[in-house]
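Read through the structure below, which is laid out as structure tokens, and then see the notes.
Note that ligands are numbered from 1 as they come in the structure, with each ligand's atoms numbered from 1 the same way.
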Amino acid sequence: MASFNLLYLPGDGIGPEVMAEVEKIVAWFNAEGIARFETDRGLVGGSAYDAHGKAVSDADMAKAQAADAVLFGAVGGPKWDKVPYDVRPEAGLLRLRKDLGLFANLRPAICYPALADASSLKRNVVEGLDILIVRELTGGVYFGEPKTITDLGNGQKRGIDTQVYDTFEIERIARVAFDLAKTRRNKVSSAEKRNVMKTGVLWNEIVTRVHKDEYASVQLEHVLADNCAMQLVRWPKQYDVIVTDNLFGDVLSDVAAMLTGSLGMLPSASLGAPDAKSKRRKSLYEPVHGSAPDIAGTGAANPIAMIASFGMALRYSLGLGEWADKLDAAISAVLAQGLRTKDIAGDLPANANTTQMGAAILKELQKVA
Ligand code: NAD
């Protein structure tokens, strides 16, 4: 039986509440002998700051380095708004991304049929939607130097950010996208702005070369990032995998996310380079939403984004894609039965809290097992 090390970093606010529902599913996997999960837990964000004055400790970083997959809840909240900048809750997540070398961010946008009316787009445009945005996460304009605001001395200031990409950064993110496309509908759309940006010209050139040399069997198209934004709201089903840089990916993944309704539904994965020996990638799985301090402790949090993030771990880190499919089917079934936490209930009252939603999904999973 396959055996894995899972690290839970539940974090703050609703993080521990939604993580608890994943922990029950993992315990069931263990009890049924489907896989053997060795689990450990650590602190991140405000809870880590309260315990030892850091947003994540070195000991917990070492656990993250050793894990087959890290499951991350959410960090932050008003209690820590005034802590020093370098130990603010988000610094924990940034350190994890940096030290684990997580350069590829995967954001699926899946529209469950039962929630198609929750989208701001028409049902026929979004129903059955299943696309994946692969965003470069560690380079580009968010990190490029120089990054300054200079006083020009004449009453004017100048702000500078630098968009910079090297060949290897584009090659490795392109490979992630092509590999994923092979497991899906075999199509990659590469989004950049080659018409006005040198990094766009290079991006286009490298993606084209990687495709020709290594992935000729995958369908590749190039699309200007602004056009991609338009196409996403016009007819998103034309896409399978979209690969793009850090800045465009930030924007396009949020556009795609909202095609499908609530923040409480959106999972994500961040992957690093494959290990030379084991071929396994460092990885972190987290819901897109934050710690939702406004509902923390009320039982109103939707655990689906966190549970679906665990589903992505099954698929992309643990080689249990069949179980990821079953988990997705369980989520879909529960939604089709009409179970709704407050965030996805629309104008109706909610008929499930966090633990009821988690329990219903586990029950459906047990039926298909
Ligand atoms: P948020 O995502 O926490 O909440 C936005 C809104 O969506 C809130 O009304 C919240 O109640 C609702 N919501 C979010 N997740 C939900 C869920 N699972 N079920 C039901 N409703 C849900 O964003 P915010 O309010 O801007 O930020 C709150 C805190 O979270 C801040 O401290 C922020 O810095 C932090 N944050 C952390 C992360 C992260 O850990 N990755 C991401 C975003 C924000």
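Nearest protein neighbour of atom 9 (O) of ligand 1, counting heavy atoms only, is Asp294 OD2, 2.8 Å. Nearest protein neighbour of atom 29 (C) of ligand 1, counting heavy atoms only, is Ser291 OG, 3.2 Å. The single protein non-hydrogen atom nearest to atom 7 (O) of ligand 1 is Leu263 CD1, 3.7 Å, given as residue, atom name and distance. Protein heavy atom at the shortest distance from atom 14 (C) of ligand 1 is His289 CB, 3.6 Å. Of the protein's heavy atoms, Glu90 OE2, 2.7 Å lies nearest to atom 34 (O) of ligand 1. Of the protein's heavy atoms, Glu286 OE1, 3.5 Å lies nearest to atom 41 (N) of ligand 1. Looking only at heavy atoms of the protein, atom 28 (C) of ligand 1 is closest to Pro293 CD, 3.4 Å.
Distances from atom 21 (N) of ligand 1 to the heavy atoms of Ile14, Ile295, Val288, Asn302 put Ile295 nearest.
Screening Val44, Val26, Val70 for a side-chain contact (heavy atoms from CB on, under 4.5 Å) involving Tyr8 leaves a single residue, Val26. Considering Tyr165, Tyr142, Trp203 in turn, Tyr165 is the only one that fulfils the side chain to side chain donor-acceptor pair (under 3.5 Å) rule with Glu136. For the salt bridge (Lys or Arg N to Asp or Glu O under 4.0 Å) criterion with Glu214, the lone passing option out of Lys182, Arg175, Arg209 is Arg175.
Any N or O atom pair closer than 3.5 Å counts here, and Val75 shares at least one such pair with ligand 1. On a distance-only criterion, Ala292 and ligand 1 share at least one N/O pair closer than 3.5 Å.
A donor and an acceptor atom, one from each side chain of Gln163 and Asp245, are located under 3.5 Å apart. In this structure, a donor-acceptor pair under 3.5 Å is present between the side chains of Ser317 and Tyr285. Inspection of the Arg36 and Asn30 side chains reveals no N or O donor paired with an N or O acceptor under 3.5 Å.
Side-chain atoms of Ser189 never come within 3.5 Å of backbone atoms of Glu221 as a donor-acceptor pair (strictly under, hydrogens ignored).
Arg340 has its side chain within reach of Leu115: a pair of non-hydrogen atoms, C-beta onward, lies under 4.5 Å apart. Between Glu169 and Phe103, the closest side-chain pair of non-hydrogen atoms is not below 4.5 Å. In this structure, Met357 and Glu21 have side chains that are not in contact, with every pair of non-hydrogen atoms separated by 4.5 Å or more.
Counting protein heavy atoms under 4.0 angstrom from atom 25 (O) of ligand 1 gives zero. Distance screen at 4.0 Å: atom 32 (O) of ligand 1 has a protein heavy-atom neighbour inside the cut-off.
The atoms of ligand 1 that sit less than 4.0 Å from any heavy atom of Gly76 are 32 (O). Counting the atoms of ligand 1 from 1 in the order shown, those under 4.0 Å from a heavy atom of Gly264 are 17 (C), 18 (N). Counting atoms of ligand 1 from 1 in the listed order, those under 4.0 Å from a heavy atom of Ala74 are 40 (O). For ligand 1, the atoms closer than 4.0 angstrom to any heavy atom of Gly290 are 1 (P), 2 (O), 3 (O), 30 (O), 36 (N), 37 (C), 38 (C), 42 (C), 43 (C), 44 (C). Listed by number with element, the atoms of ligand 1 under 4.0 angstrom from any heavy atom of Gly77 are 32 (O).
One finds a salt bridge joining Glu192 and Arg194 here, because a Lys/Arg side-chain nitrogen approaches an Asp/Glu carboxylate oxygen to under 4.0 Å.
For the residue pair Leu137 and Ser270, the shortest heavy atom distance occurs at CD2-OG, 3.7 Å.
Under the 4.0 angstrom criterion for non-hydrogen atoms, Leu93 is in contact with ligand 1. Contact analysis puts Ala301 in contact with ligand 1, with a non-hydrogen atom separation below 4.0 angstrom. Taking 4.0 Å as the cut-off, Met306 does not count as a neighbour of ligand 1 on heavy-atom distance.
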